[in-house]
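So the structure is just underneath, and the comments pick up after that.
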Number of protein chains: 2
Amino acid sequence: MTVAILHQPPPRIIESAAARVERELRAGIIDLTIRPGERLSESEIADRFQVSRQPVREAFIALMRQGLVDVQPQRGTVVVKLSVRRMLDARFIREALEVAIVRRACERFDSHYRDRASALISAQDEAAKAGDHVTFQRLDSLFHIALAEGADCLEAWNAVEMQKAHMDRVCALTLHSSGSMGPLVVQHQAILDAVEDGDAERAVAAMSHHLSEILRAVAGLELKFTELFE
Amino acid sequence: MTVAILHQPPPRIIESAAARVERELRAGIIDLTIRPGERLSESEIADRFQVSRQPVREAFIALMRQGLVDVQPQRGTVVVKLSVRRMLDARFIREALEVAIVRRACERFDSHYRDRASALISAQDEAAKAGDHVTFQRLDSLFHIALAEGADCLEAWNAVEMQKAHMDRVCALTLHSSGSMGPLVVQHQAILDAVEDGDAERAVAAMSHHLSEILRAVAGLELKFTELFE
DNA sequence: TAGTATACACTTGTATGGAAGTTCAAGCGG
DNA sequence: CCGCTTGAACTTCCATACAAGTGTATACTA
């Protein structure tokens, strides 16, 4: 009995059907597995996930609030197309938030988060050299999260994450070229260096530069993938 | 026939039951008509609004994503209590966004939005002198929206609005004192003046000051209303 | 043939019943 | 008196049926 208790009586929270559908659909929309402009049907998705329409409907509503799908009453639901405007808006909002985060990080970062961020950069370097985009992207997110957590701004990260989806979706068009990952690692290091020095202005500039460069590679993509843009 | 068409054949979009429940519950939670910590029941709310449980459930989920209620699976749904931490987080996020907005407004504001913002300030002055808190708050929102719209940042305002709810909820404890409205009008004018001059640094300082002062009056309220705070 | 009306096949929105889980209190056994 | 069990009364979550609106294709009319 005592042993059983020590063995972590699964505190694992089981995910609701609605949450699972939302998570998987969201991932598909962001990595463009589900194409922009594609029509989604509650019934069809329900069949595919082996659930009823209700959880699917809740997932649709959640995705609509994130600006990823457009639910048109009595007409249908479509994945919103890519939009340069939306991408620039997302970048603007994200920059405002992450700039504020690194500015605060310059005051409150401690050694624990510094080590963690540094380790994440190293891991990203390896992933970049290995050409592992999936791991690279996950580590990228974790680095930004580490900054927010170290600055005691996790709530702000939630707001960032919603915007990040719109940037990631456009980046998914091009990030399959391995050469684009290297510079991002250098930029992360520059941000962390400035934060460690407590140099707010330099950290802000580094973050701003980083977020600008992310979208450098996607310039002109709307001409190349006209059917995916509105 | 032609006349009928000219007479705006009601383009009035009818609000879904779920949207109506969410809107009314949200308003009640923000103005503290629905008290922090209060338990909400799908059935009870459904009866009160004369709808089924399903739209109510969707409203609950939407409010949960806004951080206004806490849906505990198979246990119940409660209105989240006030929290100094949450309020400071909201202020941090809102400041980051609105500072970026006014900075951009200094570049792109045109006469149309300048006039609109100026008119809103005048109207706010009247409402303040009349002691009309409801009108004052509505005009306050409209002023900030005008800034965002004039800066071409309406998307950013959506993000602000979610955080604003948490600040408004705390402010609702004290904004019934008419003396607190006057200074806010002056602060709005200072922001607009700086924007009109295109002085970004001054505008940023004015906005930052404004958002700090909003919470000045609520210092120590958690000691006075301990049952409403967590 | 052109135009209109209508039926039908979709869609999302709502209502309702039941499944699964949690809480709490009464009742039983020590 | 204390502790465990058990069952009733709640909750949210899911499945299903139906209601209501939209677009389209077809058939009918002039």
Side-chain angles (χ1 to χ4, degrees), chain A residues 1-2 4-5 9-25 29 34-35 37-81, chain B residues 1-2 4-5 9-26 29 34-81:
Chain A
M1 287 269 262
T2 311
I5 292 178
R12 164 166 172 66
I13 52 173
I14 59 172
E15 186 178 42
S16 74
R20 184 172 67 93
V21 173
E22 177 190 345
R23 182 174 50 77
E24 297 201 19
L25 284 181
I29 291 174
I34 307 177
R35 297 178 69 81
E38 182 175 337
R39 279 176 59 94
L40 296 181
S41 163
E42 287 184 359
S43 311
E44 178 198 345
I45 303 293
D47 291 342
R48 189 190 309 170
F49 282 87
Q50 298 277 58
V51 297
S52 77
R53 270 184 46 218
Q54 208 55 47
V56 176
R57 169 175 171 75
E58 289 173 12
F60 279 13
I61 293 176
L63 293 172
M64 177 184 62
R65 305 222 172 218
Q66 300 175 40
L68 294 177
V69 305
D70 183 18
V71 177
Q72 303 162 339
Q74 272 73 26
R75 292 191 51 189
T77 300
V78 298
V79 179
V80 298
K81 289 197 171 186
Chain B
M1 289 270 266
T2 312
I5 292 177
R12 164 167 171 66
I13 52 174
I14 58 171
E15 184 178 42
S16 73
R20 182 173 68 92
V21 173
E22 176 189 346
R23 181 173 51 76
E24 298 202 17
L25 284 182
R26 187 176 194 273
I29 292 174
I34 306 176
R35 295 178 71 82
E38 182 175 338
R39 281 177 58 94
L40 298 180
S41 162
E42 284 185 1
S43 310
E44 178 198 344
I45 304 292
D47 291 342
R48 187 190 311 171
F49 284 87
Q50 298 277 57
V51 297
S52 75
R53 295 187 342 254
Q54 205 56 47
V56 177
R57 170 175 169 75
E58 290 174 11
F60 279 12
I61 294 176
L63 293 172
M64 178 183 61
R65 306 227 169 214
Q66 301 174 40
L68 294 178
V69 306
D70 183 19
V71 177
Q72 303 163 337
Q74 271 76 27
R75 291 191 51 191
T77 300
V78 299
V79 179
V80 298
K81 290 198 172 185

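Here the structure is a predicted model, which is why all the values come from computation and not from measurement. Reminder, nothing fancy here: chain letters follow the sequence lines and each chain counts from 1.
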Near DNA chain D, counting only heavy atoms under 4.0 Å, which residues of residues 62-73 of chain A show up?
none

Minimum heavy-atom distance A:Val78-A:Arg39, with the two atoms named:
CG1-CG, 3.7 Å

Name the nucleic acid region contacted by A:Ile61, choosing base, sugar-phosphate or nothing; use a 4.0 angstrom heavy-atom cut-off, strictly under.
nothing

Out of the candidates A:Leu68, A:Leu40, A:Val69, only one should pair with A:Ile34 under the side-chain contact (heavy atoms from CB on, under 4.5 Å) rule; please name it.
A:Leu40

Of all nucleotides in DNA chain D with an atom under 4.0 Å from a non-hydrogen atom of chain A, which is the first and which the last going 5' to 3'?
D:dC14 to D:dG23

What are the two closest non-hydrogen atoms of B:Phe49 and B:Arg20, and how far apart are they?
O-NH2, 3.2 Å

Residue pairs passing the salt bridge (Lys or Arg N to Asp or Glu O under 4.0 Å) test with at least one member in residues 62-73 of chain B, sequence neighbours excluded, are A:Glu22-B:Arg65

Please find the earliest and latest nucleotides of DNA chain C, in the 5' to 3' direction, that have an atom within less than 4.0 Å of any heavy atom of chain A.
C:dT11 to C:dA15

Reading DNA chain D from 5' onward, which residue's closest nucleotide shows up sooner: A:Gln54 or B:Arg75?
B:Arg75

Listed pairs under 3.5 Å, donor-acceptor, residues 50-64 of chain A side chains, sequence neighbours left out:
unit_1, atom_1, unit_2, atom_2, d
A:Ser52, OG, A:Gln54, N, 3.4
A:Arg53, NE, A:Glu42, OE1, 2.9
A:Arg53, NH2, A:Glu42, OE1, 3.0
A:Arg57, NE, B:Glu58, OE2, 2.6
A:Arg57, NH2, B:Glu58, OE1, 3.2
A:Arg57, NH2, B:Glu58, OE2, 3.4
A:Glu58, OE1, B:Arg57, NH2, 3.2
A:Glu58, OE2, B:Arg57, NE, 2.7
A:Glu58, OE2, B:Arg57, NH2, 3.4

The helix from C:dT1-D:dA30 to C:dG30-D:dC1: angle between its terminal axes, five pairs each, to 10°?
20°

Flag yes if more than 12 heavy atoms outside B:Arg35 fall under 6.0 Å of its CZ atom; otherwise flag no.
no

